[in-house]
Amino acid sequence: MNDILTGLDHHASLPAAQQPIWPNSDEVAKVRAELAKQPPLVFAGEVDQLRTRLAEAAAGRAFLLQGGDCAETFADATADRIRNRVKTLLQMAVVLTYGASMPVVKMGRMAGQFAKPRSSNDETRGEVTLPAYRGDAVNGYDFNLESRTNDPWRMLKAYNTSASTLNLIRAFTQGGFADLRSVHEWNRGFSENPTNIRYESLAKEIDRAIKFMAACGADFESLRTTEFYVSHEALLLDYERPMTRIDSRTGNPYDTSGHFVWIGERTRQLDNAHVDFLSRVRNPIGVKLGPTTSVDDVKSLIEKLDPKLEPGRLTFISRMGASKVREELPKLVEAVRDLGAQPLWITDPMHGNGITTKNGYKSRHFDDVMDEVRGFFEVHQSLGTIPGGIHVELTGDDVAECLGGSEKIDEATLEERYESLCDPRLNHSQSLELAFLVAESLRKI
Ligand code: TRP
Ligand code: MN
């Protein structure tokens with residue numbers, strides 16, 4: 001792969017929303033030059049492979065599971081925490097594979113999810129106003145001037161932390177940890193817990209299927225390993241641009257900071273830098289669509305980002321909110337269908353369902369999350385289109401950030417185990433529960 005992409009830098013003059021104000025532009029230039037010298041985190045061949053997998057999902061022959069932290073932190077990039085997240089995603093994937101009778105494309109919101117868009121540049125607490133926390137790639141969470149000052153060298157640390165996270169993910173998923181049979185054993189721990197009695201019969205079915213395979217002597221390589229992709233929001237252009245390289249095989253630019261990158265509601269303006277950047281890289285890409293998205297918006301996004309209607313290229317991540325998905329989503333899906341486009345549609349049932357609890361926590365109700373997932377499936381079912389996956393914020397640890405679930409997490413419990421620096425995540429048990437419920441809906445279609 002080649003060095004920094006001058007073609008992309010050429011377009012650096014377009015307006016870009018949500019970029020940090022760096023204190024010193026010479027330092028930013030140094031960091032960019034340094035990033036441009038680092039080895040790619042992912043290989044173009046893997047990225048192409050993911051595109052074909054997502055094309056399968058868009059055609060209804062696979063299902064995408066994308067999940068991880070709202071914001072990764074440097075402090076939480078430990079072996080234990082990374083293992084727990086990978087483990088949770090794999091456990092969900094087994095259940096979904098069975099429910100859908102289809103391959104599940106496993107993708108972490110991991111190894112690069114270090115930057116956050118914010119509604120305001122500053123945060124005020126009492127008398128003190130400081131720059132808002134924009135993710136560990138930009139500044140620190142602690143509320144003091146030193147920590148909150150934007151520091152471009154943090155982007156290099158984000159690169160290194162992504163590299164070590166991805167290394168561990170590759171080791172886990174290729175080295176025996178992800179063996180289907182051990183992942184299933186972990187799931188038994190969940191379904192045998194009396195609070196999860198509701199999921200016992202599906203878990204038993206999976207158990208029988210696995211015993212059947214074992215009795216037949218099935219013991220092939222594909223039971224022992226699994227493909228696992230990484231993704232993050234392509235928010236910080238000072239990071240994504242220098243990580244973009246020309247693939248020497250094909251001459252095409254790839255953003256080598258992750259296999260899949262997406263842009264959010266706040267950066268998807270058609271004439272701005274983020275859409276322009278995504279239009280130039282060969283990675284499969286995603287765009288979040290909230291409840292105010294118009295038919296014209298989706299049409300123009302397709303024109304800009306996927307003019308050749310290439311299978312697997314574009315994923316629309318719908319985040320309407322449980323109370324709006326049934327009203328707002330159909331017109332978009334219909335218009336896209338009538339264009340003859342077949343992007344991958346997935347649901348993000350997290351971001352449209354935020355609440356603030358009486359005791360002051362940002363939270364989400366497990367029932368609202370599930371309701372949005374159901375609404376998403378209903379919409380696609382009635383239009384004859386394909387609900388191709390889910391995008392969730394989760395952690396593998398036993399936190400209490402989202403309300404409800406079979407453990408009935410209530411507002412008081414949030415005070416004991418709330419750890420997220422950003423949005424509330426499903427905990428390990430809520431994540432598995434979601435997988436069981438989605439598996440039940442999938443087998444009905
Ligand atoms: N290789 C297959 C797959 O990725 C089966 C498999 C192995 C698997 N380990 C897994 C599936 C862990 C889900 C989770 O689908
Ligand atoms: Mn979030």
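Since we're looking at a predicted model, the values are computed, not measured. Both ligands and their constituent atoms are indexed starting at 1 by order of listing.
Side-chain atoms of Asp179 and Ser182 include no donor-acceptor pair closer than 3.5 Å. In this structure, a donor-acceptor pair under 3.5 Å is absent between the side chains of Asp136 and Tyr141. Glu205 and Tyr98 share a donor-acceptor pair across their side chains, judged by distance under 3.5 Å alone.
Under a 4.0 Å N-O distance rule, the pair Asp69/Arg109 does not qualify as a salt bridge.
For ligand 1, the 4.0 Å heavy-atom shell takes in Leu90, Ala93, Val94, Lys106, Ala178, Leu180, Ser222, Leu223, Thr225, Thr226, ordered by chain and residue number.
Remark: Arg249 CZ is packed, more than 12 non-hydrogen atoms of other residues, nucleotides or ligands lying under 6.0 Å away.
Around the Mn ion (ligand 2), the protein atoms of type N, O or S found under 2.8 Å away are Cys70 SG, His351 NE2, Glu393 OE2, Asp423 OD2, listed by chain and number.
The residue from Thr226, Val94, Thr225 that alone fulfils the side-chain contact (heavy atoms from CB on, under 4.5 Å) condition with Leu180 is Val94.
Minimum heavy-atom separation, Arg268 to Val275: O-CG2, 3.6 Å.
In terms of the side chain to side chain donor-acceptor pair (under 3.5 Å) criterion, residue partners of Glu56 (sequence neighbours excluded) are, by chain and number, Arg61.
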Below 3.5 Å, can you tabulate the donor-acceptor pairs from side chains in residues 315-324 to any protein atom, sequence neighbours excluded?
from: Arg319; atom 1: NH2; to: His351; atom 2: O; distance (Å): 3.4

